[in-house]
Amino acid sequence: MCHVIVTCRSMLWTLLSIVVAFAELIAFMSADWLIGKAKPVNSEDTDNRTGGSQEPYHPTLGIYGRCTRISHVQVSRRDTLCGPYAENFNEIASGFWQATAIFLAVGIMILCAVAFVSVFTMCVQSVMKKSIFNVCGLLQGIAGLFLILGLMLYPAGWGCQKAVSYCGHYASAYKLGDCSLGWAFYTAIGGTILTFVCAVFSAQAEIATSSDKVQEEIEEGKNLICLL
């Protein structure tokens, strides 16, 4: 018989697992890893209606994508164009970024799988006499290691030609040059830290769902067990 067990710690672990997976996925897909040096303001950037000049635009560069602004010749309107600069994996700007993409992709896939499974831990707490929480926690720890490897290799690619075109000639491995780090990089770091928090917290979720109070509720014949 299926017992639906909901505890405060198990729900927090489930929600955090889902948030971490989405945060890492969004960061990976974003082009805001590097913020390039400002483009110089020229006559095309002048707003004819106000007579003033617009703020210089900072292009952004991701692992496989980029955002840049295109000026229209006949009108003062400017469009921001975002999309992948690499049509296939081999066209990613640096070998280090290719390795980063692989490690991050593997880590994110594991996190997404754990996030999907975590939703069903309310009803199924063990498989083949092994706690799902412990297995998921182990997988989250492994995913965290993949994420760390990817983030460590990413700065080594700052010396590639693509990064130099955005960050200036002073850019090199582990040196940003004229660029700054974007929100996507910080989100990936924060998600990696939370991944290990989830891995540790999964043990608390397992303890909460197998506590004496839960067993007492099961012995009383209850199918829905909610403990705060």
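Once rounded to the nearest 0.5 Å, the distance linking SG of C112 with CG of L25 reads 5.5 Å. With values rounded to the nearest 0.5 angstrom, L12 atom CG is found 11.5 Å from Q204 atom CD. Interatomic distance, S165 OG to K37 NZ, rounded to the nearest 0.5 Å: 9.0 Å. Here the CG-OG distance, from L138 to S202, works out to 9.0 Å after rounding to the nearest 0.5 Å. In this structure, the separation between CG on L16 and CE on M11 is 12.0 Å, given to the nearest 0.5 Å. Taking CD1 of I132 as the reference point, atom CG of L139 lies at 11.0 Å (rounded to 0.5 Å).
Counting only distance, with no hydrogens or angles, the side chain of Y85 and the backbone of I63 share a donor-acceptor pair below 3.5 Å. Looking at E24, its side chain never comes within 3.5 Å of a backbone N or O of V20 through a donor-acceptor pair. Judged by distance alone, the side chain of S118 and the main-chain N or O of A115 form a donor-acceptor pair under 3.5 Å. Here the side chain of W183 pairs no donor or acceptor atom with the backbone of D32 at under 3.5 angstrom.
Residues I92 and T100 are not in side-chain contact: their nearest non-hydrogen atoms beyond the backbone lie 4.5 Å or more apart. Within the 4.5 Å cutoff, no side-chain heavy atoms of V19 are placed close to those of L194. Side-chain contact check for L104 versus L147: some heavy-atom pair is nearer than 4.5 Å. Contact of the I102 side chain with the F146 side chain is not registered, since no non-hydrogen atoms from C-beta on lie closer than 4.5 Å. Looking at heavy atoms from C-beta onward, M152 lies out of side-chain contact with F103 at the 4.5 angstrom threshold.
The shortest heavy-atom contact between A203 and N134 is CA-OD1, 4.4 Å. In plain terms, the two heavy atoms of G157 and A163 that are nearest each other are O-CB, 4.1 Å. Minimum heavy-atom separation, H58 to G36: ND1-O, 3.0 Å. Closest of all the heavy-atom pairs between L151 and P155 is O-CD, 3.0 Å. Residues W13 and A205 share a closest heavy-atom pair of CB-CB, 4.1 Å. The two residues V117 and C136 make their nearest non-hydrogen contact at CG1-SG, 4.0 Å.
Atom CZ of F96 has 12 or fewer heavy atoms from other residues, nucleotides or ligands within 6.0 Å. Counted within 6.0 Å of OH on Y170, heavy atoms from surrounding residues, nucleotides or ligands total 12 or fewer; the atom is thus considered open.
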Under the side-chain contact (heavy atoms from CB on, under 4.5 Å) rule, what do W158 and C167 come out as? Steps first, then yes or no, please. CA-CA 9 Å; W158 291 346; C167 305; over 6 Å; no
L111 vs F22, side-chain contact (heavy atoms from CB on, under 4.5 Å): CA-CA, chis, key distance, verdict: CA-CA 9 Å; L111 290 179; F22 273 102; over 6 Å; no
Check against side-chain contact (heavy atoms from CB on, under 4.5 Å), I148 and T192: CA-CA 7 Å; I148 287 177; T192 301; 3.7 Å; yes
Step by step, would you call Q140 with S17 a side chain to side chain donor-acceptor pair (under 3.5 Å)? CA-CA 9 Å; Q140 287 174 328; S17 298; 2.9 Å; yes
List the steps and the verdict of side-chain contact (heavy atoms from CB on, under 4.5 Å) for F89 and Q98. CA-CA 7 Å; F89 180 78; Q98 291 176 351; 3.5 Å; yes
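Criterion: ILVMFWY side-chain heavy atoms under 4.5 Å apart, direct or through other members. Under it, F185 and Y174 are not part of a common hydrophobic cluster. The hydrophobic cluster containing L149 also contains I110, counting ILVMFWY residues as joined when their side-chain heavy atoms lie under 4.5 angstrom apart, directly or transitively. Residues F133 and I142 share a hydrophobic cluster, clusters being chains of Ile/Leu/Val/Met/Phe/Trp/Tyr side chains in contact below 4.5 Å. Clustering ILVMFWY residues whenever any of their side-chain heavy atoms sit less than 4.5 angstrom apart, transitively, puts L61 in the very cluster that holds L181. V197 and L145 are not part of a single hydrophobic cluster, where members link through side-chain heavy atoms under 4.5 Å apart.
Of the candidates Y64, F28, W33, Y154 forms a ring pair (Phe, Tyr, Trp, His ring centres under 6.0 Å) with just one, namely W33.
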